[in-house]
Amino acid sequence: MKIKHRLFLLNILIFSICIGQEDKKSNLFIEYNITYNLGKKLTKKGYLFKFKGDKYFFTTKSDFKDKLEDSHYDSIGNHRFINLKSAGNGRQYELTSINKSLHFESRVIGNMIVKTKEELLKMKWRETDIEKTIMNQKCRLYETEFRGRTYNAYVALELKYDFGPWKFNGFKGVPMLIYDSENKLKWELSSIKNYDSEQLLSFAQNVIQELNSLREMNLTDFVELSDQTKGGMYLAKNYPNLPSDFQKSKNEDEPVRKGLELIYEWEK
């Protein structure tokens, strides 16, 4: 009954938003459940909204589904493994300047948190004939490729919205569910609210304050540094002061990227 009640309330809220979306004093505040499975599976909440022409996105800290141990010993292989702790707690802060076509994002590399700056790429989504009902909303499936991954998005067309969480853009409605073809990344809509300008201003100021406190790097410089340091491993606080029986993996000719983005447009 609780699930049905929540779906009923969400439908009422979406209907009221559709009726009043011309009201400039209110705006959408969208919450997503996020799951990343890029080694250690983690979950967190993500929040998306637009304010004065710009798009803002921020998340809660990461909640790891598997316990993280500082180190453990493999008796069969006679190896010791260690988790190198990086900076931050998994929170993301992002600002997309739509008029300037720029995207700013907080990123972790080793024991540093920096702000990257990049040109906003416009995504081109392919519409399919596949439809699915999510939270009682009729959705159409769209597909696209972005920086080494293929993404699927179920979009509810009742609400006109151009942007989704993270860097996703180019929609004709609100994306209810986005996931990659390998099921390693997922953004799942959990609620939609209408906030007034004062509330959105407070959230926007917090995102801006967090981003302005960080050292700024162009994305190309960040990627180069990340590759040179094996994703920041060589910059971690506890490296190279590791246990004497710890064995590093063999160096590879090319860096193996494991983040959300695997290949960049300037590398094609």
Side-chain angles (χ1 to χ4, degrees), residues 29-49 55-72 81-96 103-118 146-149 151 163-168 175 177-180 182-191 202-217 219 221-223 225-227 229-239 255-262 264:
F29 188 83
I30 307 175
E31 177 183 305
Y32 287 90
N33 291 325
I34 302 173
T35 303
Y36 294 161
N37 194 2
L38 300 172
K40 289 292 185 180
K41 187 176 181 180
L42 63 87
T43 61
K44 52 187 170 182
K45 295 284 188 180
Y47 305 95
L48 168 70
F49 64 97
K55 188 197 85 167
Y56 294 81
F57 179 69
F58 66 96
T59 75
T60 59
K61 65 181 181 179
S62 298
D63 177 20
F64 288 94
K65 307 308 291 183
D66 299 320
K67 182 179 179 182
L68 289 175
E69 298 179 356
D70 288 338
S71 65
H72 66 275
F81 300 88
I82 189 169
N83 286 307
L84 298 177
K85 295 181 179 179
S86 58
N89 54 18
R91 292 182 185 272
Q92 294 172 250
Y93 297 94
E94 301 177 24
L95 167 61
T96 302
H103 179 82
F104 301 90
E105 178 179 352
S106 63
R107 293 174 181 260
V108 175
I109 180 166
N111 58 351
M112 298 189 303
I113 304 177
V114 299
K115 173 179 65 177
T116 56
K117 174 184 177 182
E118 62 181 289
F146 182 69
R147 292 181 174 171
R149 296 189 186 277
Y151 290 100
F163 290 85
W166 191 48
K167 299 179 181 180
F168 297 118
L177 173 65
I178 306 173
Y179 59 95
D180 75 306
E182 296 180 335
N183 291 315
K184 292 185 176 181
L185 308 167
K186 183 170 69 174
W187 295 260
E188 187 175 14
L189 191 147
S190 58
S191 74
S202 176
F203 288 125
Q205 288 176 333
N206 182 62
V207 172
I208 293 173
Q209 181 178 353
E210 292 290 343
L211 289 174
N212 286 346
S213 68
L214 303 174
R215 169 192 172 191
E216 184 176 305
M217 299 180 65
L219 180 62
D221 295 333
F222 174 85
V223 172
L225 179 60
S226 179
D227 288 346
T229 60
K230 301 296 182 182
M233 184 180 72
Y234 295 167
L235 296 176
K237 291 181 179 179
N238 295 328
Y239 186 91
V256 178
R257 295 171 182 158
K258 299 180 180 180
L260 277 69
E261 298 161 299
L262 303 178
Y264 296 86

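For the numbers below, each heavy atom of this structure counts, side chains included, while hydrogens, waters and symmetry mates do not. Along the sequence shown, residues carry numbers from 1.
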Residue pair [X] / [Y]: nearest heavy atoms and the distance that separates them:
X	Y	result
S190	N33	CB-ND2, 3.6 Å
R257	V223	NH2-CG1, 3.4 Å
L189	P175	CD1-O, 3.9 Å

| query | In Å and rounded to the nearest 0.5 Å, what is the NZ to NZ distance from K167 to K55? | reply |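 One gets 9.5 Å once the value is rounded to the nearest 0.5 Å.
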
| field | Gap separating the CZ atom of F49 from the CD atom of E31, nearest 0.5 angstrom | value |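 Atom-to-atom, F49:CZ and E31:CD are 13.5 Å apart.
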
Are any non-hydrogen side-chain atoms of [X] and [Y] less than 4.5 angstrom apart?
X	Y	result
Y93	N206	yes
L260	L38	yes
F146	Y151	yes
I109	T229	yes
L185	R149	yes
T96	F104	no
V114	L214	no
P165	I178	yes

Check for me whether the distance between the ring centres of [X] and [Y] falls short of 6.0 Å.
X	Y	answer
Y56	F203	no
W187	Y179	no
F29	Y47	yes

Give a yes or no answer on whether the side chain of [X] reaches the backbone of [Y] with a donor-acceptor pair at less than 3.5 Å.
X	Y	answer
T43	T35	no
R91	F58	no
K44	G90	yes

Lys/Arg N to Asp/Glu carboxylate O, [X] vs [Y], below 4.0 Å:
X	Y	result
R107	E261	yes
R147	E118	yes
K186	D180	no

| Set of residues satisfying side chain to side chain contact (heavy atoms under 4.5 Å, CB included) with respect to N212, sequence neighbours excluded | K115, I208

| request: Evaluate the criterion side chain to side chain contact (heavy atoms under 4.5 Å, CB included) for residue pair Y32 and T59; output intermediate values, then yes/no. | output: CA-CA 9 Å; Y32 287 90; T59 75; over 6 Å; no

| field | Test side chain to side chain contact (heavy atoms under 4.5 Å, CB included) applied to W166 and Q92, step by step | value | CA-CA 9 Å; W166 191 48; Q92 294 172 250; 4.1 Å; yes

